Amino acid sequence: MNYEQFIPQIGAASPAQFGVFEKSINTVGGVTVFMAKDGDETVIISTGDIGFAGESITASGVSYVKAPLNHENACVLRRLFPFTAPVRVLGHERSFGVGDRLGIATPGHIRVFEDFDAYPVLAQQSMRELTLTNRTYEDVVDSASFFVYRDGFKKGFGADGDHLKTAKDVEYALSLGFTMITLDCSDHIKNGVTDEMCADFVIPSEFSQRYLGKTFDIGEGVTLTFNETELKKILMIYGGAIDFAHEIYSAFFASGKYDADFEISIDETATPTTPLQHFFVASELTRCGVKCATVAPRFCGEFQKGVDYIGDLKQFEEEMAVHSTIARHFGYKLSIHSGSDKFSTFPIIGEKNRGVFHVKTAGTNWLEAMRVVAVADPSLYRQIHKYALTAFAEASTYYHVTTDLNKIPDIDKMSDSELPELFTQNDPRQLIHITYGLILNKKTPDGKFEFKDRLYKLWREKEDLYSDALYSHIGRHLTELGVARV
Ligand code: ZN
């Protein structure tokens, strides 16, 4: 049976047997709208003309419009059903970014956030991720909107223009309705500043007046003081970043023209952000009138891609306590980037921030998709794994990882059923993690995608397996962060 037979009997007990997504059935202005399977595709069906661009069909005495999932129809959907449009979520106590690089992870993510007391940013990509996946921001938001509609997720979700570095990119994302901008200030942060370099630096008098010899009591027993060398160093490192953040805020946020949150990221630096540096940046931004919802410092230790925290957990805990006090003092939340799989830090993050935080993940969702491949199509997985080994050197120029290829087991000596175990080991995880762009873009000599099309076909067939994997894996992130089930 197909959706056509469903139309005359809308309200039938089991829409699923007609290929209709049950949670997608809505009525607006007397017209029923739903999503259904049409062969391999998913389409929007409306029983009257309410704006969807598609084919008008009359069959067996019923008339309807069959509309494809394209950008034009995503815009219509968001207009008719506001819950499918992104909203600001950083104002909630707990928010969580799940980058869906592939445009297939949202069904699993929806299940997680239906069950946990946190708000998701379902659409979240950086420019680098867009380039590596050949996607556009339109596509990133549309994909989230379609799944949100299909699965009837009405809690609200955010869209994050992640790690944007230019006014042009910020404007592009905001104009598409992104509800959060993460401004990456790293190009304006001066790395490698030494005490020696500071020797000749003269502190402008306004800064010495504001900071030198002063003690800042920010409550909760935390006091901060600046000596001359520290202040010089901070000004040299962060002066440009503060000006840049101020400039972008004034251009796009101050007027309130866009309904979006502002996050400042200073995490992509050579050295961790000390609490004193964090305080200075926040203090100066506040003085300039910049209101941010979240700030992402770089924490001590290493937040490498797709593996647990590397570093001194005790120091992390002590510094997190101060960073979170600073955030509370200025009235924003901490944003923890590269949050994928940092399980040993999660209880600390949850506790020190008193259950108020934003955490971002991305790569781990891709890794779960590849774990599905290892389970469901071992032979395809083997081909990709071998290609990744050859592509690793190139990929590692984009990412900081300490992967040791020698520690990756020889997959020729592993049985099919052992392959998923690779995803419990750091070195294979990072191998697959950082080569995602190269894997997706690998072409055959005749110009076709070597893996991409086969991967998407498999993921479409195994949607439930992927959804289950994400539910348990992202659910584990939230549980460790201390997020309650609702
Ligand atoms: Zn970051």
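Sequence positions, counted from 1, serve as the residue numbers for this chain. Just so you know, these numbers come straight off a predicted model, no measurement behind them. All ligand and atom numbering here is 1-based and tracks the order in the structure.
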**Within-4.5 Å side-chain heavy-atom neighbours: Thr84 and Pro82** =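 Answer no - side chains too far apart.
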**Prompt:** Measuring from Asp115:CG to Leu478:CG, what's the distance to the nearest 0.5 Å?
**Reply:**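 Here the interatomic distance stands at 10.5 Å.
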**Prompt:** Looking just at side-chain N and O atoms, do His358 and Ser95 make a donor-acceptor pair shorter than 3.5 Å?
**Reply:**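 Indeed, the side chains of His358 and Ser95 share at least one donor-acceptor pair under 3.5 Å.
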**Request:** Assess the side chains of Tyr211 and Ser283: does a donor N or O sit below 3.5 Å from an acceptor N or O?
**Result:**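 Per modelled atom types, Tyr211 and Ser283 side chains form a pair under 3.5 Å.
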**Prompt:** Looking at the Zn ion (ligand 1), is one of the N, O or S atoms of Asp267 less than 2.8 Å from it?
**Reply:**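 It does: Asp267 brings an N, O or S atom closer than 2.8 Å to the Zn ion (ligand 1).
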**Asked** Of all N/O/S atoms in His163, which lies nearest to the Zn ion (ligand 1)?
**Response**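 Sorting the N, O and S atoms of His163 by distance to the Zn ion (ligand 1) puts NE2 first.
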**Item:** the Zn ion (ligand 1) - name of the N/O/S atom of His337 that sits closest to it
**Value:**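 Minimum-distance N/O/S atom of His337 relative to the Zn ion (ligand 1) is ND1.
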